[in-house]
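Notes to accompany the following structure.
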Amino acid sequence: MLNNLKPRPADKILVLSTLFRADDRAEKIDLGVGVYKNAEGHTPIMRAVKSAEKQLWNEEDTKTYTSLPGDAGFHQAMADMVLADSVDRDRISFCATPGGTGAIHNVLETIQAAHPDTTVWLSNPSWGNHQSMLNHLGMKSVSYDYFDAEACAVDYPAMLASLQGVKEGDVVLLHGCCHNPTGANINNTQWEEVAELLLAKGAIPFVDIAYQGFGNGLEEDAFGTRLLASKFPEMMIAASCSKNFGIYRERTGIVMAISADAETAKVTQQTLSHMNRQNFSFPPDHGARLVTMVLTDPELRAEWAAELEEVRTGMLALRQQLADALKAETGSDRFGFIADHRGMFSRLGLTEEQVIKLREDNAIYMVGDSRINIAGLTQKNVPIIAKAVAAVL
Ligand SMILES: Cc1ncc(COP(=O)(O)O)c(C=O)c1O
């Protein structure tokens with residue numbers, strides 16, 4: 001049986017990590033995999049999360065299963081953080097999942113269960129796993145124009161023009177904030193216009209929000225998601241806690257599905273619970289419990305929000321430093337967009353050959369499409385990177 005399996009292409013980012021680890025040059029710089037790192041190159045456990053963990057160790061007296069869709073306290077805390085009061089709570093159905101990826105998977109299967117023929121629209125480009133999960137499930141997908149590769153900014157007129165092709169009942173996947181891989185995002189006025197267009201088309205928005213708090217701030221980053229939730233009769237949301245709580249390996253995510261009314265929401269809830277049961281049964285609870293404690297305890301929440309803000313402003317400062325250093329090295333504003341982008345990534349607009357040259361000659365590792373992880377920048381390596389990038393142009 002197993003000898004019938006076909007080799008699968010390896011994930012490009014994971015291949016890059018392997019190459020990085022195998023490189024014995026002391027000066028090597030990792031701008032590849034999408035994990036937050038501090039100035040020492042370490043991915044720390046956030047202070048409030050560590051405190052919550054200590055408290056939980058003292059207080060937790062059972063490890064029996066949680067409920068099938070996860071803990072209700074987690075659902076409500078996440079709805080508070082992502083949706084606030086944009087939509088009536090009795091229209092939302094929930095399930096806790098292993099990470100944001102688990103949430104995306106359950107959303108897609110729920111769409112499939114409702115209408116197997118549904119077309120899902122993805123931005124071009126999008127997070128690589130979006131397309132690959134759609135393929136894995138055998139779902140129809142179309143891409144909409146999103147990124148102007150020359151200007152390294154959102155090509156908004158092209159995006160609107162593409163979305164004109166959306167048909168009633170199509171699902172349109174939007175990144176809630178901090179677009180991965182480009183770092184380029186639509187502004188609030190554009191969110192309003194996109195919402196109006198998709199409403200007129202009878203589309204169902206599906207928001208993937210994996211970096212809330214990494215862009216313009218915790219509340220600001222939820223603007224688009226809340227706007228859509230306040231307007232659409234139906235909407236799907238997959239939220240990840242991996243990055244903004246720094247609990248990557250705890251695998252913590254959630255589906256929030258908005259139905260047209262409370263009655264429908266009950267049936268949607270049964271379907272979401274069913275998806276959990278079929279895919280992995282009860283969801284992991286440790287990370288979800290930590291998130292709930294952090295979000296609902298005023299002291300822990302204040303400490304977490306302060307650290308998240310340090311992370312966010314630290315990345316903004318690094319963006320500015322790299323944009324300035326590149327301006328000094330190249331004598332042009334070509335890389336000014338780095339300071340305007342938001343989130344953990346920016347796509348530099350280099351060719352694949354230039355990316356390989358940087359890796360081979362300078363031990364600077366970035367994804368083949370020239371996406372860099374801003375958190376991989378440091379005060380020390382920014383001038384080195386700027387000089388090397390200017391040299392390959
Ligand atoms: C856009 C986007 N969505 C979802 C995820 C899933 O995150 P996780 O499954 O690690 O929570 C990621 C992670 O890189 C992402 O970039």
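Residue numbers count from 1 along this sequence. For ligands, and for the atoms within them, numbers begin at 1 and follow the listed sequence.
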Query raised in the report: Should the pair Arg347-Asp369 be classified as a salt bridge under the 4.0 Å nitrogen-to-oxygen rule?
Result: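 Looking at Arg347 and Asp369, the cut-off is met.
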
Query - Pair His179 and Phe147, ring centroids less than 6.0 Å apart - result: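 No - the distance between ring centres of His179 and Phe147 does not fall below the 6.0 Å cut-off.
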
Query raised in the report: Just by distance, with hydrogens left out, do Asn135 and Ser132 show a side-chain donor and acceptor under 3.5 Å apart?
Result: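 Judged by distance alone, the side chains do not pair up.
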
Query - Glu168 (side chain) donor-acceptor with Gly202 (main chain) under 3.5 angstrom - result: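 Checking the backbone N and O of Gly202 against the side chain of Glu168, no donor-acceptor pair under 3.5 Å is found.
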
Report task. Rounded to the nearest 0.5 Å, what's the gap from CG on Leu173 to CH2 on Trp127? Could you check? Result ->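 Going from the CG atom of Leu173 to the CH2 atom of Trp127 covers 10.5 Å.
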
Report task. Kindly compute the distance separating CG (Leu31) from CZ (Phe20), expressed to the nearest 0.5 Å. Result ->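 With rounding to 0.5 Å, CG (Leu31) is 8.5 Å from CZ (Phe20).
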
Would you tabulate the polar-atom pairs, meaning N/O of ligand 1 against N/O of the protein, with distances under 3.5 Å, reported to 0.1 Å?
| unit_1 | atom_1 | unit_2 | atom_2 | d |
| --- | --- | --- | --- | --- |
| ligand 1 | 3 (N) | Asp208 | OD1 | 3.2 |
| ligand 1 | 3 (N) | Asp208 | OD2 | 2.6 |
| ligand 1 | 9 (O) | Gly100 | N | 3.3 |
| ligand 1 | 9 (O) | Thr101 | N | 2.9 |
| ligand 1 | 9 (O) | Thr101 | OG1 | 2.5 |
| ligand 1 | 9 (O) | Arg251 | NH2 | 2.8 |
| ligand 1 | 10 (O) | Ser242 | OG | 3.2 |
| ligand 1 | 10 (O) | Arg251 | NH1 | 3.1 |
| ligand 1 | 11 (O) | Gly100 | N | 2.8 |
| ligand 1 | 11 (O) | Ser240 | OG | 2.7 |
| ligand 1 | 11 (O) | Ser242 | OG | 2.6 |
| ligand 1 | 14 (O) | Tyr211 | OH | 3.4 |
| ligand 1 | 14 (O) | Lys243 | NZ | 3.0 |
| ligand 1 | 16 (O) | Asn180 | ND2 | 2.7 |
| ligand 1 | 16 (O) | Tyr211 | OH | 2.7 |

